[in-house]
Chemist: 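First the structure, then my questions, so here it is.
These values consider heavy atoms only, across backbone and side chains, with no hydrogens, waters or symmetry-generated copies.
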Amino acid sequence: MTISNEWIPIVQVRDASIATKWLGKAIEVRGWVRTRRDSKGGFSFLEINDGSSFGNLQVVAPNALANYESDVLNLSVGSSVIIKGVLKESPGEGQSFEMEATAIQVTGHADPQTYPLQKKRHTFEKLREWAHLRPRTNTFGAVTRVRNRLSYSTHQFFQDEGFFYIHTPIITASDCEGAGQMFRVTTLPLDKLPIKEGKVDSSQDFFGKPAFLTVSGQLEGEVYACAMGKIYTFGPTFRAENSNTTRHLAEFWMIEPEAAFYELPDNMALAERYLKRMIRDCLQDCAEDMEFFDKMIQPGVVETLQLVLDKPFEHMSYTKAVEVLLASGQKFEYPVHWGADLQSEHERYLTETYIKGPVILYDYPAAIKSFYMRINDDQKTVRAMDVLVPGVGEIIGGSQREERLDVLLERMAANGLKEEDYWWYLDLRRFGSVPHAGFGLGLERMVQYVTGMVNIRDVIPFPRTPGNAEF
RNA sequence: UCCCUUGUAGCUCAGUCGGCAGAGCAACGGACUGUUAAUCCGUGUGUCGGUGGUUCGAGCCCACCCGGGGGAGCCA
């Protein structure tokens, strides 16, 4: 058989509004066998999936095919095939169209004795060990398409809103970002480190000083916001913390918009529009995948997301949140009082029990937040905001930034930060300073929220966690 | 990093009081069938995570190590 260059994605073959034009005509599809069911009526049914959609295409393979005995009857789960055939209306239930094969070329067999993914349910834990094969399953195919849609929506949303996509560095040569433990980047020989006065001599390293993988593009994002107006970053981020939870990764993807002349209310409104845009796009364009999550992963997730679209997000100050928690009558492991950071259990109560939906908390005590957040007139709180959603917790963290040089210097001194390490960041306040604000959204947490997937390791293709960098 | 839990067939798990290693699913063989996670009958499957110890005898008891999962902290 000669290989043609024109084959049709199964997502289109299964879409009646598109596929009608191919009815009765010869078409070609390419993909992987999900199941084979033989009939003594003189043919076999093949379910073919090519990743383009959740559903499979049913192919009827008649025993008149030259290689029916030799190839078709040996097709097992995971085999790859190129199939030519005629699209017909299906007499069976469960699909409106099917393909009657006129030629089947097997491009690769998958030995059923050794191919791990057989026609049965596997646990997500086991599938993590087969990260190279798990995208071939229903769940991970659906997660992959939703993740893609969220990424696409991100660019669409910010571009539509006039934000520029900025590529902030992955390697950062300053160790002063303070957002968590960092991975060291070095070309120094680890078995023979140059030592000077009892310490590693980093002047001999590649960059002439210590270098790390970025924990946030925010500071660089502020630089560009203070020139381009509105910008966003979208890239990988690294945290070397020894976190072992269902919502932390050592390598994750973060979206960080930053906008000049934005104050906290603008920032909150932006976050709400952005989240709703992503949810709407997923419900519309990944309807079949979302239906699967609703049925098999988290019953009710579609309706919940629909309700989120329909009403404005709740806003609640930190102070009010503390009052709510104190009045709740709940027994918390960690006691609540004004000034204490909110724990997971507190956030969960607020978003899952009290509000029952997304909630934006704002105006946190200055003492528990970063130095760059703008001080309120009460001198006790800062213009910080966290967006909490049920099931996931904190999905967005952001703030209005301190644009006043003298105030920022005071806060840095109070936090023991050295001016010279931040000279360029401070220059933004020296020359043409403007109020500005931004936030960070963890893409994986958004995927979790939309799909209902419980473990963050199952919403990124190749999860990096402490002790695990296979694949 | 701390607490809890777990590791037995390709996968999911059972294994009582320390006494010959078990089931379901998948796979394979057959029957049946425009089938839909098809159905029915039959067949095979082991470094019991590793090392050491206790014992006549260890999947089971003890010690240490390694891996998985959940919760907490840190955060997105």
Side-chain angles (χ1 to χ4, degrees), chain A residues 34-47 55-62 74 76-78 88-95 98 100 110-130 137-138 177-181 215-218 234-256 271 296 332-334 341-345 347-348 368-370 386-389 392-398 439-449 454-460 465-468 470:
Chain A
R34 282 289 173 85
T35 76
R36 189 191 87 228
R37 298 181 291 271
D38 300 324
S39 168
K40 274 295 175 296
F43 47 87
S44 298
F45 295 101
L46 301 174
E47 294 281 341
N56 308 319
L57 174 66
Q58 174 163 291
V59 172
V60 180
N74 287 316
S76 53
V77 180
K88 295 187 165 177
E89 291 194 43
S90 177
E93 287 174 24
Q95 62 281 319
E98 67 186 18
E100 185 160 320
D111 181 0
Q113 303 279 9
T114 51
Y115 184 57
L117 290 183
Q118 288 304 330
K119 202 169 50 176
K120 70 185 297 283
R121 196 182 287 275
H122 296 282
T123 61
F124 292 148
E125 290 82 7
K126 184 53 69 177
L127 287 170
R128 268 169 229 151
E129 297 174 21
W130 303 326
T137 64
N138 285 336
E177 297 195 30
Q181 285 289 108
V215 294
S216 164
Q218 182 199 317
F234 185 176
T237 309
F238 307 88
R239 303 279 163 89
E241 257 122 37
N242 192 4
S243 296
N244 294 288
T245 80
T246 53
R247 56 191 191 285
H248 288 89
L249 292 165
E251 177 182 289
F252 63 100
W253 287 68
M254 189 153 67
I255 293 110
E256 295 180 286
M296 303 301 292
F332 295 114
E333 192 185 337
Y334 293 85
D341 212 348
L342 298 181
Q343 307 295 318
S344 292
E345 56 178 343
E347 296 184 341
R348 219 177 298 130
I368 59 172
K369 288 291 183 181
S370 297
D386 282 355
V387 181
L388 312 180
V389 296
V392 177
E394 184 180 344
I395 199 165
I396 280 179
F439 61 80
L441 173 130
L443 178 65
E444 286 74 20
R445 291 193 181 171
M446 188 61 194
V447 181
Q448 282 185 282
Y449 179 50
V454 167
N455 198 312
I456 201 165
R457 298 168 186 124
D458 298 327
V459 297
I460 187 169
T465 50
N468 192 344
E470 189 71 45

Chemist: Are A:F252 and the base of B:A76 stacked, counting only ring centres nearer than 5.5 Å and planes tilted under 30°?
Modeler: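 The base of B:A76 is stacked with A:F252 (centres under 5.5 Å, planes under 30°).
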Chemist: B:U1 base to A:E241 side chain: any donor-acceptor pair below 3.5 Å?
Modeler: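 There is none.
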Chemist: So, is A:S39 close to the B:G34 phosphate, meaning a side-chain N or O under 4.0 Å from OP1 or OP2?
Modeler: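 Yes.
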Chemist: Do the side-chain N or O atoms of A:R128 get closer than 4.0 angstrom to the phosphate oxygens (OP1, OP2) of B:G69?
Modeler: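 Indeed, a polar side-chain atom of A:R128 lies that close.
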Chemist: Taking only side-chain N and O atoms of A:T35, does any of them lie within less than 4.0 angstrom of OP1 or OP2 on B:A37?
Modeler: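 Looking at the OP1 and OP2 atoms of B:A37, neither is under 4.0 Å from any side-chain N or O of A:T35.
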Chemist: In whole Å, what separates the P atom of B:G44 from that of B:C3?
Modeler: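 About 47 Å, rounded to a whole number of Å.
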Chemist: How far does the P atom of B:G7 sit from the matching atom of B:G15, given to the nearest Å?
Modeler: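 The same atom, P, in both gives a distance of 10 Å.
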Chemist: Would you say the side chain of A:E47 and the base of B:U35 hold a donor-acceptor pair, judged only by whether the two atoms sit under 3.5 Å apart?
Modeler: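 Not at all, since no donor on one side and acceptor on the other fall under 3.5 Å apart.
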Chemist: Mark yes or no for a side-chain to base donor-acceptor pair under 3.5 Å between A:E129 and B:G67, with no hydrogen or angle criteria applied.
Modeler: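 For A:E129, whose side chain was compared with the base of B:G67, there is no donor-acceptor pair (under 3.5 Å).
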Chemist: Would you kindly check whether a donor in the side chain of A:D38 faces an acceptor in the base of B:U35, or vice versa, at under 3.5 angstrom?
Modeler: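 A donor-acceptor contact between them is absent.
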Chemist: Output yes when at least one side-chain N/O atom of A:R348 is less than 4.0 Å from OP1 or OP2 of B:G71, else no.
Modeler: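 No, no such contact exists.
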Chemist: For B:U35, which nucleotide in any strand shown is its Watson-Crick or wobble partner with both distances under 3.5 Å?
Modeler: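 Answer to the pairing question: none, since B:U35 forms no Watson-Crick or G-U pair.
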Chemist: Base of B:C11, side chain of A:H122 - is there a donor-acceptor contact under 3.5 Å?
Modeler: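 Donor-acceptor pair under 3.5 Å: no.
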Chemist: Reckon A:R457 has a side-chain N or O less than 4.0 Å from the OP1 or OP2 of B:G70?
Modeler: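 Yes.
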